[in-house]
Every structure is written in structure tokens, then in C-alpha cells.
Amino acid sequence: MSLFPATFLIMFVLSLLGLTFYRVHLLSALLCLEGLMLTLFISFSLWLLKFNALAFSISPMILITFSACEASLGLSLLIATIRSHGKDHLQNMNMLQC
């Protein structure tokens, strides 16, 4: 395995492990999700450049657009949670309660 795919695989796995094990704060979970999306965007873009697939060149832009929408929704949820609960601890929030 060459250096670039191994690097992106390690980045993806570390972000996934961070999302799995360090879910104390909502902000840390959102940052791990952003790391996952950034890794997918970069690896997908490099894969398209490697195989010279110009027909699918819009796909990474769609992925980064969805990632930006996910980030804005996550930050708005973070602000709403902090305003209503006073903190962003995930263990103290009951998601079934209004």
C-alpha cells in the first residue's frame, strides 16, 4: 500500500475512533464528523484524479456541499443545546425530551 492511501485510511480510522470513544461533548463529536467528511472528500478527489474520471468530477463538490450543510446544522444544534441546557455534554441530554 502506498503512502497516500495509507495516510487517508489512518485519518479515517482515527476520526471514526474519536467519534466512537470521545463522545463527551457535542463539539468533539461534530469535529470528528468533520474529519471523516474531509478525509472522504480528499480521498475521493484524489481517486478521481488518479483514474482521470472527468464524468464524475462534480461528485466531490456535492460531497463538500453536504458536509458544509452538515456543519452548519451541527453548529446550530450546538448553540440551541447550550442555550437550553447550559452545556454540551452528551450524557446529560435526553434526546426524547422536548
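Keep in mind that this is a model prediction, so the values were computed, not measured. Starting from 1, each residue takes its place in the sequence as its number.
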Inset, instruction - Go through the steps to decide whether L54 and N52 satisfy the test side-chain contact (heavy atoms from CB on, under 4.5 Å), and finish with yes or no. - result: CA-CA 6 Å; L54 296 176; N52 210 7; 4.2 Å; yes
Legend entry - Nearest-0.5 Å distance that lies between atom CE in M61 and atom OG in S45: 8.0 Å
Inset, instruction - Treat each ILVMFWY residue as a node, draw an edge where side-chain heavy atoms are under 4.5 Å apart, and state whether I58 and L63 are in one component. - result: yes
Legend entry - Any donor-acceptor N/O pair, S15 side chain to F12 backbone, under 3.5 Å: no
Determine all donor-acceptor pairs shorter than 3.5 Å in which one atom belongs to a side chain in residues 25-39; sequence neighbours excluded.
unit_1	atom_1	unit_2	atom_2	d
H25	ND1	D88	OD1	2.9
S28	OG	Y22	O	3.1
S28	OG	H25	O	2.8
T39	OG1	G35	O	2.8

Inset, instruction - For the pair L75 and L78, evaluate side-chain contact (heavy atoms from CB on, under 4.5 Å) and give the outcome as yes or no after the intermediate values. - result: CA-CA 5 Å; L75 286 176; L78 177 70; 4.2 Å; yes
Legend entry - Linked hydrophobic residues, F44 as query - side chain contacts closer than 4.5 Å: W47, L48, F51, F56
Inset, instruction - First locate atom CD1 of I64, then atom CD of E70, and finally report the distance between them rounded to the nearest 0.5 Å. - result: 10.0 Å
Inset, instruction - Run the numbers on L46 and F8 for side-chain contact (heavy atoms from CB on, under 4.5 Å), then give the verdict. - result: CA-CA 11 Å; L46 290 177; F8 291 121; 3.4 Å; yes
Legend entry - Single-linkage hydrophobic cluster F21~L14, side-chain heavy atoms < 4.5 angstrom: no
